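Take a look at the structure set out below.
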Amino acid sequence: MTATTALLVIDVQNDFCEGGALAVTGGSEVIAPINKMMESSEIIVLSQDWHPEDHQSFATNHQNRSPYELVDMPYGPQVLWPAHCVIGTSGADFHPDLKTGLAQMVVRKGFRREIDSYSAFFENDKTTPTGLDGYLKSRGVTTVTLAGLALDFCVYYSAMDAQALGYKVVVETDACRAIDLDGSLDAALSAMRNAGIHIK
């Protein structure tokens with residue numbers, strides 16, 4: 001990859017891999033292709049879900065609510081998730097096989113208890129930035145390639161935000177796996193293609 005292209009590795013954490021609190025089927029299968037991509041990339045950013053245990057996106061923090069139910073938050077509809085990627089737990093750690101030493105930056109997201117954050121660029125209110133855009137622009141990045149977990153949530157939202165911010169966006173589906181909640185995978189792929197994102 002050229003120096004104007006950044007590889008964004010989304011949420012390859014223990015809780016999203018097999019045995020984790022919010023395991024994505026085949027989650028660890030993304031690691032080998034991502035490691036290979038990192039070895040040939042000059043600019044690499046990892047995103048990391050990073051939630052306090054009282055996070056409002058956790059079903060356990062809502063009375064009489066179950067995981068995967070939808071609730072209304074001040075910023076719009078929110079899926080309630082099993083508690084995952086809690087700060088300071090092994091579930092929040094990157095998968096041990098991921099070559100994290102190759103990355104120059106880690107963007108932590110979802111650390112504000114009252115708002116979730118799927119995208120590596122913005123919290124779910126669509127306005128609170130993570131700082132990633134400023135970092136990439138300061139390094140002259142014009143194209144971003146995305147890989148990681150999960151394709152239909154955090155990868156999808158990150159890709160759509162990157163496109164809206166003016167980057168050329170490529171999603172490497174071989175290095176992604178999806179949750180596919182009620183057809184969310186097909187919906188995400190269609191939305192990305194319609195936005196002009198290159199799906200590989």
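Everything quoted here is computed from the prediction, not taken from an experiment.
- Aromatic ring orientation, Phe58 versus His55: tilted (interplanar angle from 30° to 60°).
- Heavy-atom minimum distance, Val107 versus Ala120: CG1-O, 3.8 Å.
- The line from CD1 of Ile43 to CD of Gln104 is 7.0 Å long, rounded to the nearest 0.5 Å.
- The CD1 atom of Ile10 lies 9.0 Å from the CD1 atom of Ile34; values are rounded to the nearest 0.5 Å.
- Asn124 and Ser117 share no donor-acceptor pair across their side chains, judged by distance under 3.5 Å alone.
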**OP:** Go through the steps for Arg65 and Thr60 under the test side-chain contact (heavy atoms from CB on, under 4.5 Å), then give the verdict.
**Re:** CA-CA 7 Å; Arg65 292 289 192 169; Thr60 49; over 6 Å; no
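- Clustering ILVMFWY residues whenever any of their side-chain heavy atoms sit less than 4.5 angstrom apart, transitively, puts Leu181 in the very cluster that holds Leu149.
- Below 30°, between 30° and 60°, or above 60°: for His84 and Phe16 the angle between ring planes is between 30° and 60°, a tilted geometry.
- Taking OH from Tyr118 and OH from Tyr156, the interatomic distance works out to 11.5 Å, rounded to the nearest 0.5 Å.
- Tyr135 and Val9 fall within the same hydrophobic cluster, defined by Ile, Leu, Val, Met, Phe, Trp and Tyr side-chain heavy atoms under 4.5 Å apart, directly or through other members.
- Side-chain contact of Glu123 with Thr128: a donor-acceptor pair under 3.5 Å is absent, judged by distance alone.
- Rounding to the nearest 0.5 Å places NE2 of His51 at 12.5 Å from CZ of Arg108.
- Side-chain N or O atoms of His62 include one that pairs as donor or acceptor with a backbone N or O of Gln56 at under 3.5 Å.
- For the atom pair CD of Glu29 and CD1 of Ile31, the computed distance is 10.0 Å after rounding to the nearest 0.5 Å.
- One hydrophobic cluster, built from ILVMFWY side chains closer than 4.5 Å, holds both Phe121 and Val106.
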**OP:** In sequence, state the C-alpha distance, the side-chain angles, and the governing distance for Ile199 and Leu189, and then conclude on side-chain contact (heavy atoms from CB on, under 4.5 Å).
**Re:** CA-CA 8 Å; Ile199 308 292; Leu189 290 171; 4.2 Å; yes
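- Residues Val170 and Tyr157 do not share a hydrophobic cluster, clusters being chains of Ile/Leu/Val/Met/Phe/Trp/Tyr side chains in contact below 4.5 Å.
- In the model, Ser57 has no side-chain atom that pairs as donor or acceptor with a side-chain atom of Gln78 under 3.5 Å.
- Heavy-atom contacts from other residues, nucleotides or ligands closer than 6.0 Å to NZ of Lys36 number 12 or fewer.
- Not one N or O on the side chain of Ser190 forms a donor-acceptor pair closer than 3.5 Å with the backbone of Ala187.
- Residues Ala162 and Val144 come closest through the heavy atom pair CB-CG2, 3.8 Å.
- By the 6.0 Å contact criterion, NZ on Lys126 is enclosed, its count of non-hydrogen atoms from other residues, nucleotides or ligands being greater than 12.
- In this structure, Gln48 contributes its side chain and Ala92 its backbone to a donor-acceptor pair below 3.5 Å.
- Leu151 places none of its side-chain heavy atoms less than 4.5 Å from the side chain of Arg177.
- Taking CD1 of Ile197 as the start and CE of Met160 as the end, the distance is 5.5 Å to the nearest 0.5 Å.
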**OP:** Could you walk me through whether Lys109 and Asp116 pass the salt bridge (charged side-chain N to carboxylate O under 4.0 Å, His left out) test, one step at a time?
**Re:** CA-CA 8 Å; Lys109 58 191 181 68; Asp116 206 4; over 6 Å; no
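- At a cut-off of 3.5 Å, with distance as the only test, a side-chain donor of Asp161 or Ser119 sits close to an acceptor on the other residue.
- When the side chains of ILVMFWY residues are joined at heavy-atom separations under 4.5 Å, either directly or via intervening members, Val79 and Val71 end up in two distinct hydrophobic clusters.
- At least one donor-acceptor pair closer than 3.5 Å links the side chain of Asp152 to the backbone N or O of Asp180.
- Within 6.0 Å of CD in Glu114 there are more than 12 heavy atoms belonging to other residues, nucleotides or ligands.
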